[in-house]
**Student:** 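Encoded as structure tokens, here's the structure I'll be asking about.
Note that these values count all heavy atoms, side chains included, but never hydrogens, waters or copies made by symmetry. Numbering of ligands and ligand atoms starts at 1, following listing order.
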Amino acid sequence: MTKTTLPDGFLWGGAVAAHQVEGAYNVGGKGLSVADVMTAAGNQEERRITAGVQPGEFYPNHEAVDFYHRYPADIKLLAEMGFTCFRTSIAWSRIFPQGDELEPNEAGLAFYDRLFDECLKYGIEPVVTLSHFEMPYHLVTQYGGFRSRQTITFFTRFARAVFTRFRDKVKYWLTFNEINNQTNYDRAFTLFTNSGIQVHAGENAEAVMYQAAHYEVVASSLAVQIGHSINPDFQIGAMVAFSPVYPASDQPRDVFKAQRAMQSRFWFSDVQVEGQYPTWLTRYFQAKHFDLDITQADLANLKRGTVDYLGFSYYMSFATQATDHEDDQFSYNEAHDLVTNRFVPQSEWGWQVDPQGLRYALNWMNDRYHLPLFIVENGIGAIDQLEADHTVHDQYRIDYLRDHIVQMKLAVLEDGVDVMGYTPWSAIDIVSASTGQLSKRYGFIYVDRNDDGSGSLARYRKDSFYWYQHVIATNGAEL
Ligand code: P53
């Protein structure tokens with residue numbers, strides 16, 4: 001008999017990241033993170049990365065939406081929506097303010113004790129990312145972020161501290177958020193937020209990326225091993241940004257280019273799930289003369305520290321086509337090789353909205369990885385209008401989420417894909433990661449704050465809040 005409903009215990013919630021909501025950037029002993037030195041930008045405009053915190057600059061993450069002080073009321077609203085889980089991250093620089101200390105900062109740990117207790121009080125399961133674009137800034141200036149092998153040690157020390165402290169409060173973990181964004185190594189934002197790296201003139205950014213990402217997959221594999229030794233019940237996942245790359249035509253060259261693009265974007269999860277490098281990539285390193293520091297001990301750790309599940313974000317799909325001058329590798333450079341897909345509409349920020357791509361994504365990962373999958377981000381950034389009566393009529397957000405949930409249900413019910421849960425981005429309005437805007441809104445809960453930092457920070461329920469509440473109450477049956 002065909003199942004018609006999602007499984008009992010399916011996790012429904014929403015997601016945020018510490019740096020995008022908490023604010024209180026210098027409270028409780030917190031050190032600066034990479035997010036604290038990025039300015040606000042606009043649509044199609046990149047955030048600037050400044051050398052430390054500079055006077056006269058505006059840094060939107062410093063205050064964000066003040067979740068650090070307002071979390072009890074905010075969690076209460078999430079409980080009202082019926083959340084059974086809540087995804088956030090632990091700001092690394094609250095726990096290790098500089099990153100290279102030997103002992104964690106007690107005030108930082110105590111904050112997350114209070115936050116997780118507040119969630120558990122309502123039966124909300126925390127889903128926690130260890131590193132969500134929040135590396136301590138001191139690690140950037142002193143060690144070059146994940147350029148340095150030492151940063152593996154700093155990361156695993158952080159992981160051990162929080163696994164130990166929250167052993168009985170948090171079961172679901174994710175190691176590195178969207179570890180594969182840096183496939184787009186020519187974009188300053190991705191290498192900085194993923195790896196704490198700024199590329200110097202004359203450097204080969206691609207080689208720099210592969211070295212840093214190697215250290216990160218090793219750090220992830222060590223964290224998995226440490227976590228399981230602290231609590232064997234921990235479910236520790238990897239996390240990739242899943243934008244499928246379609247061929248722009250049925251020309252074989254385009255199809256192969258798209259395959260190479262997919263391999264380039266998803267070797268990160270290949271390694272984290274399968275515990276070894278794909279063959280094409282080992283050959284690619286040789287062909288490109290990348291002299292990478294990859295040791296036998298690293299390879300053994302990758303095998304020992306494979307993940308329990310795969311988390312992913314899904315916002316959009318991409319398309320690519322081959323040029324007339326491909327090298328033997330059909331080398332994929334995301335900054336140049338994407339083309340517009342004329343069959344799908346775009347958001348105001350140019351993100352290609354493709355609900356069926358979510359079903360494609362779920363099937364693709366299920367075939368390749370044979371692990372439970374967790375949709376830990378999905379959503380649309382849009383301008384919302386707060387009406388005089390404090391309502392927000394965000395029908396476009398409801399439409400987007402409904403269309404994606406329909407495709408998720410098809411993947412689960414028709415295709416038999418094992419999906420653990422769904423946490424749309426974002427639970428509450430946040431500071432956009434790529435633009436620093438507040439006006440690129442994602443939440444079910446409106447926050448009265450503007451791009452320049454003005455506003456009362458008051459919270460209001462959007463129409464999508466009530467819609468999603470009903471979706472959860474019916475376990476996805478009524479959309
Ligand atoms: P913003 C690129 C592509 C897909 C997801 O993004 C991405 C990015 C990086 O911008 O980021 C994730 O805020 C990320 C969140 C972020 C969210 O998607 O740039 O995990 O931190 O806020 C939305 O519009």
Side-chain angles (χ1 to χ4, degrees), residues 14-22 33-35 38-47 49 60-61 64-65 67 87-92 127-135 174-195 237-245 261 265-266 268 311-318 334-335 338 346-354 357-358 361 374-384 397 400-401 404 423-443 447 449 451:
V16 298
H19 73 283
Q20 291 172 271
V21 291
E22 288 178 4
S33 83
V34 293
M38 290 197 297
T39 62
N43 197 347
Q44 312 301 332
E45 179 193 344
E46 293 286 303
R47 302 178 75 173
I49 300 163
N61 299 78
V65 295
F67 182 73
R87 173 173 179 243
T88 189
S89 60
I90 294 179
W92 186 349
V127 178
V128 176
T129 315
L130 292 172
S131 182
H132 192 134
F133 309 169
E134 296 160 332
M135 177 185 288
L174 295 152
T175 55
F176 289 92
N177 184 66
E178 293 187 338
I179 187 170
N180 64 327
N181 278 355
Q182 55 200 327
T183 303
N184 195 351
Y185 50 80
D186 273 345
R187 187 178 171 197
F189 170 82
T190 54
L191 265 184
F192 191 62
T193 52
N194 274 149
S195 301
M239 199 300 201
V240 288
F242 203 98
S243 301
V245 190
R265 285 187 62 80
F266 301 112
F268 304 81
F312 70 96
S313 65
Y314 181 80
Y315 290 90
M316 58 189 149
S317 61
F318 293 157
E334 202 149 90
L338 296 180
Q346 299 189 2
S347 80
E348 275 182 78
W349 276 261
W351 291 22
Q352 301 188 130
V353 175
D354 173 13
L358 177 59
F374 199 157
I375 305 168
V376 296
E377 288 182 32
N378 172 231
I380 184 160
I383 305 274
D384 289 338
R397 182 166 294 107
Y400 178 100
L401 295 173
H404 285 77
T423 58
W425 189 270
S426 51
I428 182 170
D429 286 345
I430 46 94
V431 175
S432 156
S434 60
T435 71
Q437 292 170 298
L438 217 302
S439 56
K440 189 182 186 186
R441 294 178 186 272
Y442 284 92
V447 178
R449 183 172 159 90
D451 286 342

**Student:** Quick one: CD on Glu22 to OG1 on Thr88, what's the gap to the nearest 0.5 Å?
**Tutor:**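 So the gap between those two atoms works out to 6.0 Å.
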**Student:** Please list, chain by chain and in numerical order, all residues satisfying side chain to side chain donor-acceptor pair (under 3.5 Å) with Asn181, sequence neighbours excluded.
**Tutor:**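 Side chain to side chain donor-acceptor pair (under 3.5 Å) list for Asn181, sorted by chain: Glu178.
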**Student:** Tell me, please, which residues at least two apart from Phe266 pass ring-ring contact (aromatic ring centres under 6.0 Å, His included).
**Tutor:**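 With sequence neighbours excluded, Phe266 shows a ring-ring contact (aromatic ring centres under 6.0 Å, His included) to Phe242, Trp364, given in chain and number order.
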**Student:** Contact residues of ligand 1 with a heavy-atom cut-off of under 4.0 Å?
**Tutor:**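 Residues Gln20, His132, Phe133, Asn177, Glu178, Asn181, Phe189, Tyr315, Met316, Trp351, Glu377, Trp425, Ser432, Ala433, Ser434, Lys440, Tyr442 each place a heavy atom under 4.0 Å from ligand 1, listed by chain and number.
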**Student:** Answer yes if the side chains of Gln20 and Trp425 hold a donor-acceptor pair under 3.5 Å, and no otherwise.
**Tutor:**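 Their side chains do not contain a donor-acceptor pair, so the 3.5 Å distance test is not met.
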**Student:** Is it true that Arg265 and Glu334 make a salt bridge, defined as a side-chain N closer than 4.0 Å to a carboxylate O?
**Tutor:**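 So Arg265 pairs with Glu334 through a salt bridge.
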**Student:** If the condition is side chain to side chain donor-acceptor pair (under 3.5 Å), which residues does Thr183 pass it with, not counting sequence neighbours?
**Tutor:**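 Scan of Thr183 (side chain to side chain donor-acceptor pair (under 3.5 Å), adjacent residues dropped) gives none.
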